[in-house]
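Report on the structure given below.
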Amino acid sequence: MKEVRLSLFGFGNVGRALARVLVEKSAVFRERYGLEFKVVSVADSSAVVWLPVGMNLTEALNVKETLGRLSAWTNDYEVFNFSPVEAVREIDADVVIDVTNDKNAHTWHLAALKEGKAVVTSNKPPLAFHYAELIGEAERRNLPYLFEATVMAGTPVIGLLKETLLGDSVEEIEAVLNGTTTYILTMMEEGASFEDALRKAQELGIAERDPSGDILGIDAGYKATILHCLAFGPTTFDEIEVRGIDGISPEDLARAGKAGRTVRLVASIERGSVSVEPKEVPKGSPLAVSSTQNAAVIRTDLLGELVIQGAGAGLKETASGVVSDVIKAALKV
Ligand code: HSE
């Protein structure tokens, strides 16, 4: 059995969903991969709880869910107020997992790599702004730096582009990459108001903490930037064009509906060009997804058109992508 030490940053909805998967599927991971995960630290915005012999995740979940913050934990565990950079330097771990929304997380991702630790992340801004630097550092050190859950949750579009289509050259990607806006547009098509639809998306935990990131197209823009980096080479969010769904009215949706179309927030990605904007798409198009589904239509020179569609948001759906990466990293470190 290979024991792999994990250091988990972020204990919000996604972090807790991940912790539940690690608890509930530990026997599967032992049997299928010979991996025994030992979570040596868990951090939320209040504290870092660190126990080098490995902590009881079920207890961590109980503390967070009953007391609201990890700093309230008062038994044998050591509770610290390290900054993330201090934490990745101090805490001995094989894999650092970032499921936070920290926009400056690239600093501690780099610190973790420099300490010889693999990094798995669902956090988009580090990649959308610092892809070349992060991937360069990981490659120089021959360490896994994995980010499947940043785009389309656990639906494996990143793995497809990075590990599967190795001989193809991608020519173009068109994709619906934000679950919240699809969910809102779908509910509005069914007669709900924008505000009610957004509230429901927030209740389901699919909207970002600040949902303006979803509505204004920023979240989809981060994801489209990451897909460009994979398919065509590095770019940054600052270089792309983004427009959200804030200007879309029920009348726009009704007009599109009468013409056999639906409105979706569509990312168009070609070499050197990325845009995100609401577009009318035919109801039979692979991009006419509903609810929290995402879809990407990938055109390549050899394969032609390939469609990948699946959950683009959700807690266990995002945990799926993170866990896949944790297993990949664990098998390599
Ligand atoms: N807020 C995001 C979405 C979550 O709605 O798609 C998944 O990245």
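Side-chain atoms are counted along with the backbone in the values below, which use heavy atoms only and exclude waters and symmetry mates. When a ligand or atom number is given, it counts from 1 through the structure's own listing order.
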Which protein non-hydrogen atom lies closest to atom 5 (O) of ligand 1, naming both residue and atom, and how far is it?
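Closest protein heavy atom to atom 5 (O) of ligand 1: Thr180 OG1, 2.6 Å.
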So which heavy atom in the protein is nearest atom 2 (C) of ligand 1, and how far is it from that ligand atom?
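Going atom by atom, the protein heavy atom closest to atom 2 (C) of ligand 1 ends up being Glu208 OE2, 3.2 Å.
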Would the distance check show the side chain of Arg30 and the main-chain N or O of Met1 forming a donor-acceptor pair, the cut-off being under 3.5 Å?
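Absent.
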Taking only heavy atoms of [X], which atoms of ligand 1 are found under 4.0 Å from at least one of them?
| X | answer |
| --- | --- |
| Lys223 | 2 (C), 3 (C), 6 (O), 7 (C), 8 (O) |
| Gly179 | 3 (C), 5 (O), 6 (O) |
| Ile206 | 1 (N), 2 (C), 3 (C), 4 (C), 5 (O) |
| Asp214 | 1 (N), 2 (C), 3 (C), 5 (O) |

Under 4.0 Å, heavy-atom basis, I'd like to know which part of Asn294 is in contact with ligand 1: side chain, backbone, both or neither.
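It is neither; nothing of Asn294 touches ligand 1.
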Heavy-atom contact under 4.0 Å between Gly312 and ligand 1?
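Heavy atoms of Gly312 do come under 4.0 Å of ligand 1.
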So which atom in Leu185 and which in Leu265 form the shortest heavy-atom distance, rounded to 0.1 Å?
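Closest approach of Leu185 to Leu265: CD1-N, 4.2 Å.
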Heavy-atom count around Lys279 NZ within 6.0 Å, excluding the residue itself: above 12?
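Buried by this count: over 12 neighbours within 6.0 Å.
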Can you confirm whether Trp108 sits close enough to Asp98 that some side-chain heavy atom of one is under 4.5 Å from a side-chain heavy atom of the other?
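Result yes, sub-4.5 Å side-chain heavy-atom pair found.
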If you measure only the distance, is there a donor-acceptor pair under 3.5 Å linking the side chains of Asp44 and Ser46?
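Short answer, yes.
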Could you state the interatomic distance from CD1 (Ile308) to CG (Asn294), rounded to the nearest 0.5 Å?
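Going from CD1 on Ile308 over to CG on Asn294, the span is 10.0 Å.
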